[in-house]
Amino acid sequence: MEYGLIGRTLRHSYSKEIHEELADYEYELCPLSDEEFPRFMEAREFRAINVTIPYKKSVIPYLREMDSMAAAIGAVNTIVNRDGELFGYNTDYPGFLYMLRKNGIDVTGKKVLLIGNGGAAQAVRACVNDEGASEIVTVRRSPDPKCVTYDEVYSKHTDAEIVINTSPVGMFPDNDSSPIDLSGFKKCTAVVDVIYNPLTTKLVVQARELGMTGVTGLEMLVAQAKYAVEIFLDKEIEDGEIDRIYRKMIADFEKK
């Protein structure tokens with residue numbers, strides 16, 4: 001494999017279509033079990049890869065170096081092999097920022113509820129913090145001293161003004177699930193779900209029914225892929241390509 005994506009489960013991924021629209025190379029999906037992952041990383045038989053759940057933190061020990069953004073975030077989703085040495089980057093951050101700005105979602109001075117605490121959450125948290133959120137509350141199911149429980153969300157944090165889901169809850173094939181019930185979030189104006197398959201998650205459906213702005217993650221996926229290709233090939237690509245590919249994919253989905 002020269003270019004591709006690694007993760008535990010990839011049947012939901014659209015990355016192959018996006019990368020092959022952006023660049024003239026074959027992009028492979030390479031699902032890896034926890035046992036296969038270290039062998040793959042040690043072999044280093046690739047030119048450049050993207051990384052998704054659950055390996056965005058696990059890849060770090062295999063890297064010679066991370067750029068400043070990836071190091072600050074503590075998660076890597078893009079790796080380039082240069083003469084057998086691996087270099088890590090994070091394009092989730094600029095991809096998420098692109099999606100916020102494209103949809104007119106301003107987190108400045110807002111209380112943000114961040115669902116999930118994995119690799120994608122690290123990039124989203126850094127982005128939201130840099131954009132001036134007044135407070136970021138992270139919720140996860142597993143006990144963590146830096147996070148709140150779901151019970152605490154409903155008892156203490158329904159005043160959140162922006163809700164962001166970075167967990168896999170609601171992702172294909174679990175389309176009928178939602179990480180939280182938004183009905184008590186009276187101050188919430190926008191909900192962002194980084195899941196892109198299904199195109200509209202149950203969480204975002206509820207947000208829109210309640211009059212909130214609801215955005216899912218396809219634009220982020222295309223944007224972060226564009227930024228990754230720029231790193232892979234060391235060349236600039238017009239940002240207009242993000243919207244072109246996004247609109248093309250939406251049109252293709254509507255035909256199905």
Side-chain angles (χ1 to χ4, degrees), residues 1-32 36-37 40 45-56 59 75-81 89-103 118-120 123-124 165-168 170-175 192-202 204 214-256:
M1 181 174 77
E2 291 194 335
Y3 300 95
L5 172 68
I6 65 168
R8 187 179 291 150
T9 303
L10 301 179
R11 56 183 172 163
H12 64 283
S13 178
Y14 301 136
S15 292
K16 178 177 175 66
E17 295 91 328
I18 296 169
H19 274 259
E20 292 179 358
E21 186 75 28
L22 284 163
D24 186 23
Y25 54 62
E26 182 179 359
Y27 188 88
E28 299 180 45
L29 302 183
C30 182
L32 298 172
E36 293 168 327
F37 167 74
F40 176 89
E45 294 175 347
F46 57 83
R47 285 190 180 184
I49 57 171
N50 291 119
V51 184
T52 191
I53 299 170
Y55 300 128
K56 293 183 181 184
V59 296
V76 166
N77 78 319
T78 300
I79 298 174
V80 176
N81 184 341
Y89 306 85
N90 190 298
T91 66
D92 282 336
Y93 181 117
F96 183 77
L97 182 58
Y98 172 91
M99 184 169 65
L100 285 184
R101 291 179 174 173
K102 190 72 167 44
N103 290 279
V124 170
N165 178 44
T166 69
S167 81
M171 184 171 68
F172 176 86
D174 193 24
N175 297 19
V192 181
D193 195 335
V194 303
I195 290 173
Y196 54 84
N197 186 356
L199 194 59
T200 306
T201 60
K202 188 174 181 179
V204 165
V215 177
T216 47
L218 185 60
E219 280 179 305
M220 176 182 173
L221 179 71
V222 178
Q224 66 82 20
K226 195 277 285 194
Y227 301 132
V229 172
E230 290 181 323
I231 295 169
F232 284 5
L233 303 181
D234 192 24
K235 74 172 188 178
E236 290 189 11
I237 300 171
E238 292 289 333
D239 270 358
E241 283 292 276
I242 300 171
D243 195 52
R244 181 187 71 81
I245 294 172
Y246 172 74
R247 290 180 182 278
K248 180 179 183 295
M249 294 182 74
I250 294 293
D252 289 345
F253 292 143
E254 289 174 348
K255 291 175 185 176
K256 294 178 181 179

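Any value given below was found using the heavy atoms of this structure, including those in side chains, with hydrogens, waters and symmetry copies removed.
V192 is listed as a side-chain neighbour of L100, based on a closest heavy-atom distance under 4.5 Å. With contacts defined as side-chain heavy-atom distances shorter than 4.5 Å, the pair L199/L218 qualifies. Side-chain contact between P31 and E36 is absent, with no heavy atoms from C-beta onward closer than 4.5 Å.
Atoms CG and CD1, from N175 and I195 in turn, are 9.0 Å apart once rounded to the nearest 0.5 Å. Between E219 atom CD and R247 atom CZ the span is 8.5 Å, to the nearest 0.5 Å.
The heavy-atom pair separating A120 from D92 by the smallest distance is CA-OD2, 4.4 Å.
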- Message: Apply salt bridge (charged side-chain N to carboxylate O under 4.0 Å, His left out) to residues E21 and R244 and explain how you reach the verdict.
- Response: CA-CA 10 Å; E21 186 75 28; R244 181 187 71 81; 2.9 Å; yes
- Tell me, with the steps shown, if F40 and M1 meet side chain to side chain contact (heavy atoms under 4.5 Å, CB included). CA-CA 11 Å; F40 176 89; M1 181 174 77; 3.5 Å; yes
- Report the C-alpha distance between K102 and V215 in whole Å, list the side-chain angles of each, state the deciding distance to 0.1 Å, and finish with yes or no for side chain to side chain contact (heavy atoms under 4.5 Å, CB included). CA-CA 10 Å; K102 190 72 167 44; V215 177; over 6 Å; no
- Under the side chain to side chain contact (heavy atoms under 4.5 Å, CB included) criterion, do V124 and Y93 qualify, and how do the steps go? CA-CA 6 Å; V124 170; Y93 181 117; over 6 Å; no
- Does the side chain to side chain contact (heavy atoms under 4.5 Å, CB included) test come out yes or no for Y89 and Y227, once each step is laid out? CA-CA 10 Å; Y89 306 85; Y227 301 132; over 6 Å; no
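Screening I242, I18, T91 for a side-chain contact (heavy atoms from CB on, under 4.5 Å) with K226, the sole residue that qualifies is I242.
Distance alone, capped at 3.5 Å, is enough to place a donor-acceptor pair between the E230 side chain and the I237 backbone. Checked by atom type and distance alone, the side chain of Q224 pairs as donor or acceptor with a backbone atom of L221 at under 3.5 Å. Between the side chain of K16 and the main chain of L29, no donor-acceptor pair closer than 3.5 Å is present. Under the 3.5 Å distance criterion, the side-chain polar atoms of N90 are matched with a main-chain donor or acceptor of A75.
T166 pairs by the side-chain hydrogen bond (donor to acceptor under 3.5 Å, both in side chains) definition with nothing, not counting sequence neighbours.
Ring-centre distance between Y14 and F253: below the 6.0 Å cut-off.
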List the atom pairs, with distances to 0.1 Å, where a side-chain N or O of residues 45-55 and a protein N or O form a donor-acceptor pair under 3.5 Å, not counting sequence neighbours.
from, atom 1, to, atom 2, distance (Å)
N50, OD1, H19, NE2, 3.0
N50, OD1, Y27, OH, 2.7
N50, ND2, N77, O, 3.2
N50, ND2, T78, OG1, 3.1
Y55, OH, L32, O, 2.8
Y55, OH, S33, O, 3.2
Y55, OH, D34, N, 3.4
Y55, OH, D34, OD1, 3.0

